[in-house]
Amino acid sequence: MTPEELAAEVRGCVVTLQAEGALTGELPDDVVIERPKNRDRGDYATPVALTLAKSAGRPPREVAALIAGRLAEAEGIDEVDVAGPGFINIRLAADAQGALASQVVEAGADYGHGSLLAGRRFNVEFISANPTGPIHLGHTRWAAVGDALARVLAASGAEVSTEFYINDRGVQMDRFGASVMAVAHGGPVPEDGYHGAYITDLAARIVAEHPEFLTLPAEEELVAFREAAYSLQLAEQQQVLELFRTHFDTWYSERSLHESGAVERGMARLREQGHVFELDGATWLRTTDFGDDKDRVLVKADGELTYFASDTAYYVDKRTRGFTTSIYLLGADHHGYVNRLRAVAACAGDDMDVSVEVLIGQLVKMMRDGQEVKLSKRAGTLITLEELVEEVGVDAARYSLIRYPVDSPLTLDLDLLVQRTNDNPVFYVQYAHARVSSVMRNAADLGIDWRSQGYDPALLVHEREGELLRALAEFPAVVASAAELREPHRVPRYLESLATAYHRFYDVCRVLPRGDEPTEPIHLARLWLCAATRQVLANGLALCGVTAPDRM
RNA sequence: GCGCCCGUAGCUCAACGGAUAGAGCAACCGGUUUCUACCCGGUCGGUUGGGGGUUCGAGUCCCUCCGGGCGCGCCA
C-alpha cells in the first residue's frame, strides 16, 4: 500500500463517517500522510483529525478516535491508534507494505511518474547567454537545474519544452566581432571588447578558413568576423551543453524574433490591450498598471527598439506557440526583472500568476585549495563549463548543482568534488546503485530467476526492510512536490535518504544464499526489494541527468 | 531611500504549517569468517539572528529590528 492509497483510504473513512452523520466539518483537499520520525509511532501518521476538528466542532482526539476506529477495519492496515493532540498513527500489514516491491518493478522506468501537471504546457527558458563567449560558471547552475526541472515537470505529466534565447542582436555582438577582428590583425582588443584566449582561437580559426576577410573594407570585415565568430561560438556552446547532458528543444534567436515580424505582432498585441503610450518621443509600456515600479520603454526616442521590446515580443511569441506557462530561470542579479516580466504578461492580457514564473537563483562561488576562485569575464579568469566538467566530471558537477535550493547561495568546492567521500554525495548515491547492481549480478550468476518465481510480500518484516519499502513508497510524492514547487533539489536529497535506507538494509539483511545454501523464499523477497531499489535509484538519477553505474 | 533573497550544530547545508529541528564533514568510540567497508552503528554538538503576532501547532506565515548578498538606465 502506497501513501497515496492510504490517503485515499483515510479520506474514504471520513466521507463514510460524514455520510452516516457521525462527523461533520470540512475535509481538506489533501489528506496529509507523513512518515513519523519516531518509528514507535507506526509506519505512517496523519494529522487529518487536527485539521478537521475545528470545523467539526469537536475535540481533535475525539475526531481522531472516530476515524481511527473506521480505519482499523480497512484491508492492509494492521494497527491504528490515536496519539498526542490527535495524530492518527498507522501500522501497515506486512504483505500490504511488501507488495510495493513488485509494483515498483512492474512500473519500471515509469515508477514515480505521475499526472499532477497533465494538460499544462511549460516553456522553460534558461541560460540564454550572449553568443560572445563560452558557457561559464555563472550559467552552469542553470544548465543543471533548468534541465532537471524540465525533467521533473515532464515526469509529472506536463508537456515541457526547453529553450535557449540567443542574445545575438545589439552592441555586444559588434564588440565581440570587433575584438576578434582586432586580434586577427595582431592588434590589441579595443576598449569595451572581449578578452581571453578563446578570442585568439576564434580569430585564428576564422583567418585560416577565410583569409580574404582581412582584405575586406572595414565595415564589411567587421560583419564578416562578427558572423563567423558568432557561428563558431554558438556551435561551441551547443556542443558543450550537450556534453553536459543539457538539451534544448529550441535555440531561439533574438534576431529571428525581429526578422519574423514577431516584434510587430507583440507590439500590436500590447496596443490592443491598451497599455502602450507615447511620451517624450518614446514608446512606453505601462507596466506600473501591474505592479512594476516604473513604466518601461519599448522604442527609444531615436527610434531604436530596446532590449525590453524584444523581451515582450518574445513572451507574446511563446504564448502564440501554445505555452500556458513560461518559466524563466534568472540569476539574483536579474531579480529586478521579475515584476516587469509579470507585468508584460498582464499587459498582454494574460493572468500573470499562471503565465509567468520566475525562478531567481543565487550566484555560484567556487573554492579551490581552500580559497575562493575570483572570476572576472573582463580579466579572462572565468571558469568555463567545459573546464568544470574536465575537472570534476559531468555527474559530480550536475549533481552538486542540483542538490541545493536555488535561492540559497552555493559554493562548489572543487577539491571536495573530486574526492570520493560523503561530502560528495553523488558518489554515495551512485555507489548504492552499483552495490545493488552487484547483488543482482551475483543472483544471476547463481542462476536465481527471481523475476519468474515471484515472492511472498509478507516475508519483508525486518525493520530495515520496512524502512526501505517506505522510502521507495515516498518517491512518487517527492517527484510530484519537486515539480509542483519547482524545486528539483528534492530529488537528490531524497536519493541520499534512499541510499542510506538501502545501505542500512544491506548491512543487516543477507540477500543471497551463502555457499551451498538453497534459495529460500526470503532470498527471493529480498531480491525483489533490491530490484525495486535499483529501479528507483536509477529513475531518480535519470531525473537529475546523472548516470547510474552498474559497477564502481 | 525603495525592492527581492538569505540568516538553522564548529563547517557545508536539509526540513509540503505537524509530534522530541535533521544529514554529511570535522572530533572521539565501535562494527565485516563469504552478496561492493566508497558501508553501518554510537558519542559530542542548537535560545533556528533578536523581539512581537496569527493558531490546536511556527525554522516555515505576518509585523518590526539587526546582520549579509543583490538590484533599482530611453544599457545590453
Side-chain angles (χ1 to χ4, degrees), chain A residues 30 32 34 36-38 41 45-47 49-51 53-54 59-61 83-87 89 130 167 169-173 175 254 279-284 293-294 296-308 310 331-339 358 360-363 367 403-411 413 416 419-425 427-428 430-432 434-443 445-446 464 477-478 480-481 484-485 487 489-490 493 496-497 499-500 502-515 523 526-527 530 551-552:
Chain A
D30 295 316
V32 175
E34 45 187 46
K37 284 171 215 124
N38 188 338
R41 294 186 178 131
T46 175
L50 294 168
T51 42
K54 192 165 192 181
R61 283 195 65 104
F87 287 96
N89 293 334
N130 293 328
N167 294 132
R169 189 175 173 276
V171 66
Q172 293 302 325
M173 289 301 289
R175 286 177 184 161
E254 185 186 355
L279 180 70
D280 298 335
T283 304
W284 300 66
D293 54 353
K294 58 188 71 167
R296 307 290 167 179
V297 173
L298 290 165
V299 186
K300 296 191 263 179
D302 63 7
E304 285 288 310
L305 288 163
T306 60
Y307 192 83
F308 178 67
S310 296
D333 52 343
H334 285 79
H335 75 251
Y337 286 53
V338 176
N339 283 338
V358 186
I360 294 297
Q362 299 301 309
L363 304 178
M367 303 274 287
R403 143 173 225 273
Y404 301 95
V406 292
D407 51 14
S408 73
L410 164 54
T411 303
D413 187 328
L416 231 43
Q419 287 173 23
R420 304 194 156 196
T421 69
N422 284 356
D423 244 1
N424 188 8
F427 287 104
Y428 182 76
Q430 287 184 315
Y431 178 68
R435 208 179 198 188
V436 191
S437 299
S438 173
V439 172
M440 305 309 289
R441 225 169 17 242
N442 294 339
D445 289 347
L446 291 172
R464 299 285 171 88
V478 169
S481 73
E484 189 178 16
L485 302 170
E487 293 182 350
H489 77 272
R490 290 170 185 278
R493 293 288 168 173
E496 288 157 34
S497 70
T500 296
Y502 181 74
H503 289 313
R504 282 164 55 85
F505 154 78
Y506 181 92
D507 205 46
V508 294
C509 294
R510 175 77 198 186
V511 177
L512 297 173
R514 300 166 195 260
H523 299 133
R526 286 175 175 167
L527 274 166
C530 284
R551 300 170 196 271
M552 286 177 80

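Chain naming here is simple, since letters A, B, ... match the order of the sequence lines and numbering starts at 1 in each. Here the structure is a predicted model, which means the values were calculated and not measured.
- Under the Watson-Crick or G-U wobble criterion, with both distances below 3.5 Å, B:C72 is paired with B:G1.
- Shortest non-hydrogen contact noted between A:Leu512 and A:His523 is C-CD2, 3.9 Å.
- Rounded to whole Å, atom P of B:A76 lies 8 Å from atom CD of A:Glu304.
- The gap from the P atom of B:G24 to that of B:C44 amounts to 15 Å, rounded to the nearest Å.
- Atom OH of A:Tyr431 is separated from atom P of B:C38 by 5 Å (rounded to the nearest Å).
- Residues that satisfy the salt bridge (charged side-chain N to carboxylate O under 4.0 Å, His left out) test with A:Arg175, not counting sequence neighbours, are absent from this structure.
- In this structure, A:Asn167 and A:Asn130 approach most closely via the heavy-atom pair CB-OD1, 3.0 Å.
- Atom C1' of nucleotide B:C38 and atom CZ of A:Arg504 are separated by 18 Å, given to the nearest angstrom.
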For nucleotides 26-35 of chain B, list the nitrogen or oxygen atoms of the protein found under 3.5 Å from its nitrogen or oxygen atoms, one pair per line.
{"unit_1": "B:U34", "atom_1": "O2'", "unit_2": "A:Arg510", "atom_2": "NH1", "d": "3.1"}
{"unit_1": "B:C35", "atom_1": "O4'", "unit_2": "A:Arg510", "atom_2": "NH2", "d": "3.3"}
{"unit_1": "B:C35", "atom_1": "O3'", "unit_2": "A:Asn442", "atom_2": "ND2", "d": "3.0"}
{"unit_1": "B:C35", "atom_1": "O2'", "unit_2": "A:Asn442", "atom_2": "ND2", "d": "2.7"}
{"unit_1": "B:C35", "atom_1": "N3", "unit_2": "A:Val511", "atom_2": "N", "d": "3.3"}
{"unit_1": "B:C35", "atom_1": "N4", "unit_2": "A:Tyr506", "atom_2": "O", "d": "3.3"}
{"unit_1": "B:C35", "atom_1": "N4", "unit_2": "A:Cys509", "atom_2": "O", "d": "3.4"}

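- Taking atom P on both nucleotides, B:A14 is separated from B:A9 by 12 Å, rounded to a whole Å.
- Atom NZ in A:Lys54 sits roughly 12 Å away from atom C1' in B:G57 (whole-Å rounding).
- Comparing the C1' positions of B:C16 and B:C25 gives a spacing of 28 Å, expressed to the nearest Å.
- Interatomic distance, CG of A:Asp407 versus CD of A:Glu487, reported as 7.5 Å (0.5 Å rounding).
- Distance, A:Asn167 CG to B:A76 P: 11 Å, rounded to whole Å.
- Listed here is the closest heavy atom pair of A:Tyr428 and A:Glu496: CE2-O, 3.6 Å.
- Only the C1' atoms considered, B:C4 is 29 Å distant from B:G46, to the nearest whole Å.
- Smallest separation of non-hydrogen atoms from A:Leu363 and A:Ala332: CD2-N, 4.2 Å.
- Atom CD1 in A:Ile360 sits about 12 Å away from atom P in B:C6, given to the nearest Å.
- Note that the OH atom of A:Tyr404 and the CD atom of A:Gln362 stand 15.0 Å from one another [nearest 0.5 Å].
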(request) Determine, for nucleotides 67-74 of chain B in 5'-to-3' order, which nucleotides have protein heavy atoms under 4.0 Å from the base (write B), from only the sugar-phosphate (write S), or from neither (write -). (result) ---BSSSB

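- Taking atom P on both B:U33 and B:G7, the two are 45 Å apart, rounded to the nearest angstrom.
- In this structure, the CZ atom of A:Arg169 is 13 Å from the C1' atom of B:C75, given to the nearest Å.
- Of all non-hydrogen atoms in A:Ile360 and A:His335, the two that sit nearest each other are CD1-CA, 3.6 Å.
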Set out, line by line, the N/O atom pairs under 3.5 Å between protein and nucleotides 14-19 of chain B.
{"unit_1": "B:A14", "atom_1": "OP1", "unit_2": "A:Ser408", "atom_2": "OG", "d": "2.8"}
{"unit_1": "B:A15", "atom_1": "OP1", "unit_2": "A:His489", "atom_2": "NE2", "d": "2.9"}
{"unit_1": "B:C16", "atom_1": "OP1", "unit_2": "A:Arg490", "atom_2": "NH1", "d": "2.8"}
{"unit_1": "B:C16", "atom_1": "OP1", "unit_2": "A:Arg490", "atom_2": "NH2", "d": "3.2"}
{"unit_1": "B:G18", "atom_1": "O2'", "unit_2": "A:Glu34", "atom_2": "OE2", "d": "3.0"}
{"unit_1": "B:A19", "atom_1": "OP2", "unit_2": "A:Lys37", "atom_2": "NZ", "d": "2.8"}
{"unit_1": "B:A19", "atom_1": "O2'", "unit_2": "A:Arg41", "atom_2": "NH1", "d": "3.1"}
{"unit_1": "B:A19", "atom_1": "O2'", "unit_2": "A:Arg41", "atom_2": "NH2", "d": "2.7"}
{"unit_1": "B:A19", "atom_1": "N6", "unit_2": "A:Asn89", "atom_2": "OD1", "d": "2.8"}
{"unit_1": "B:A19", "atom_1": "N1", "unit_2": "A:Asn89", "atom_2": "OD1", "d": "3.2"}

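- One P atom belongs to B:U8, the other to B:A15, and the distance between them is 14 Å to the nearest Å.
- If you take atom C1' in B:G1 and the same atom in B:G51, they sit 25 Å apart, rounded to whole Å.
- Annotation: side chain to side chain contact (heavy atoms under 4.5 Å, CB included) contacts of A:Ala434 (sequence neighbours excluded): A:Met552.
- Across all strands shown, B:C11 forms a Watson-Crick or G-U wobble pair with B:G24, both key distances being under 3.5 Å.
- Pairing for B:G57 is absent, with no Watson-Crick or G-U wobble pair whose two atom distances lie under 3.5 Å.
- For the P atoms, the distance linking B:C40 with B:A26 amounts to 14 Å, nearest Å.
- In this structure B:U34 sits in no base pair that meets the Watson-Crick or G-U test at under 3.5 Å.
- Residues A:Glu254 and A:Ser310 come closest through the heavy atom pair OE2-OG, 2.8 Å.
- Using Watson-Crick or G-U wobble geometry with both donor-acceptor distances under 3.5 Å, B:C16 finds no partner in any strand shown.
- In this structure, SG on A:Cys530 lies 3.5 Å from OH on A:Tyr502, to the nearest 0.5 angstrom.
- Going from atom CZ of A:Arg441 over to atom OG of A:Ser438 covers 5.0 Å, rounded to the nearest 0.5 Å.
- For A:Asp293, the salt bridge (charged side-chain N to carboxylate O under 4.0 Å, His left out) test picks out A:Arg296, with sequence neighbours left out.
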